[in-house]
Amino acid sequence: MNLDLPSVLIMTALVVNVSGVLFILETLLRRDEGAGRIWSVAFLAAMLTTLAYTIWAQSDGAWWAIAVGNAAFVAGTGCMWLGCRRFNRRDMRWSSVLVAGAVAMAVIAVAVDREAGDWAGALWMFVPLLCFAGAGAVECLRGDMRESRTAWVLGAVLGFQSLYYVSRTTAFVTSGPDSALFQTAFGTISTSYLTVTLTIVAVVVTSVLRASRAPMRGYLREARAVDDEQGILSDASFAAVLEGLCRRAERRFEPIAVTAVRLDDLDQISTAFGSDVAGAVAAAWRTGVRHHAPTNAVVGQDGHTGLVIGLAVASPQEARRQAGAIYRGLFDDLGKVGGGVIPVVGVGVALSESAGYEPAELMRVAREAASRAAANVETSVLVDEGE
């Protein structure tokens, strides 16, 4: 069955808009924060894209509809990448500026070259699409997303989109938009079919990824009520305190240790044994870290699945001993809750004598050591002593 261009665009708009509305409604109902909100913006942009291209197909000379559609398409893919970065708790400033700049250039390119017709400013859309989709695919294979097989599916979707636009851009440059090759393999109708398929997969995958974070957000909201009493600082407060500690220790040539304690499988425990058990495990973990950490240690939140401890130590041996005491105390505490369900706990230590006195570097090294400790059944505590 051969469909004309307006019919294909209407079909694409229907699928994209229904998927986008469902995702956005779920975002509002969950009162989602972080990656889910950014992905909602991506689906909003996709909905605007289909509306703009439908107007373009029905109107002659509507160059402004092309400009809006191209810019919204770039914004949608860019926000998918930004959502992945937010999921991994990575810095958003320069990447947000990059996406905003690409969106602006997509509009300007069409306005400047509007006499070129339907494909005005196309390259200013194709290149950002392949770059943002490729960057999103890479982001799905690192950080927190690397640990979820569902994220691998999203990575595959974005990777396929990137490869498609590499091929589409190549055909556009070498053969031209009016060639038989481009019209058959990379024309608007072929791209619309691909968009429908990828949208359906993307909305399912992002919904699952967001749902996997929902139990942890609930535990953290409950935990914040008692954090002040336990002395657990927020991410920003801990970073500020650690900065001052490192600066004072550097002037006095005193060693600093940052210990990361990672709880790896809380979501899996929630799925297998229920949210009550997972909540009890999370509460015991937070209380246990503060209880078994040294009295003079500073304890802070480190994302959704980690706590960090900063203090001055006399030697690497003392840092290892203290980390071991925290691990053993946690193991005993966690064994008393959750009906014998023991989560995977990784403890990693970063030392200033090998990692330096920069707080961000110390925390990064400690996180990576904790991740390796959690993944290795033979190692409960890992001290990173450099090369």
Which distance, rounded to the nearest 0.5 Å, do you find between the CG of Leu263 and the CG of Leu334?
7.0 Å

Does Asn88 reach the main-chain N or O of Arg142 with its side chain, forming a donor-acceptor pair under 3.5 Å?
yes

How long is the span from the OG1 atom in Thr191 to the OH atom in Tyr165, to the nearest 0.5 Å?
5.0 Å

Look at the side-chain heavy atoms of Ile, Leu, Val, Met, Phe, Trp and Tyr, link any pair under 4.5 Å apart, and say whether Leu382 and Val261 land in one connected group.
no

Tell me whether Thr287 contacts the main-chain N or O of Ala284 through its side chain, where contact means a donor paired with an acceptor under 3.5 Å.
no

Would you find more than 12 non-hydrogen atoms of other residues, nucleotides or ligands less than 6.0 Å from Trp119 atom CH2?
yes

Could you tell me whether the side chain of Val157 reaches within less than 4.5 Å of the side chain of Met80, counting heavy atoms only?
no

Is any side-chain heavy atom of Asn70 closer than 4.5 Å to a side-chain heavy atom of Trp124?
no

Heavy-atom distance under 4.5 Å between the side chains of Leu98 and Phe132, does that happen here?
yes

As an exercise, state the distance from CD of Gln301 to CD1 of Ile232, rounded to the nearest 0.5 Å.
7.0 Å

pair Arg90-Glu139: side-chain heavy atoms closer than 4.5 Å
yes

If you measure from CG on Leu158 to CG on Leu154, what distance do you get to the nearest 0.5 Å?
4.5 Å

With a 3.5 Å distance limit and no angle check, can you tell me whether Arg247 reaches the backbone of Tyr357 through a side-chain donor-acceptor pair?
yes

Do we see a donor-acceptor contact under 3.5 Å between the side chains of Gln161 and Thr77?
yes

Taking the side chain from Ser167 and the backbone from Leu163, do they hold a donor-acceptor pair closer than 3.5 Å?
yes

Between Cys246 and Leu242, is any pair of side-chain heavy atoms under 4.5 Å apart?
yes

How close do Val166 and Thr170 get, heavy atom to heavy atom, and via which atoms?
O-OG1, 2.8 Å

Starting at CZ of Arg367, measure out to CG of Leu362 and round the result to the nearest 0.5 Å.
11.0 Å

To the closest 0.5 Å, what do you measure between CD1 (Ile38) and CZ (Phe43)?
13.5 Å

Between the side chain of Trp152 and the main-chain N/O of Arg146, is any donor-acceptor distance below 3.5 Å?
yes

Determine whether a donor-acceptor pair (N or O, by modelled atom type, separation under 3.5 Å) exists between the side chain of Arg262 and the backbone of Gly346.
no

Answer whether the closest heavy-atom distance between the side chains of Thr184 and Ser190 falls below 4.5 Å.
no

Heavy-atom nearest pair, Ala323 first then Val347, reads CB-CG1, 3.9 Å

Within the structure provided, determine whether Arg320 and Val349 are in side-chain contact (heavy-atom separation under 4.5 Å).
no

Short side-chain to backbone donor-acceptor contact, Glu254 and Val313, under 3.5 Å:
no

Are Val201 and Phe160 side-chain neighbours, meaning at least one heavy-atom pair lies under 4.5 Å?
no

Quiz question: by atom type and distance under 3.5 Å, do the side chains of Asp333 and His291 form a donor-acceptor pair?
no

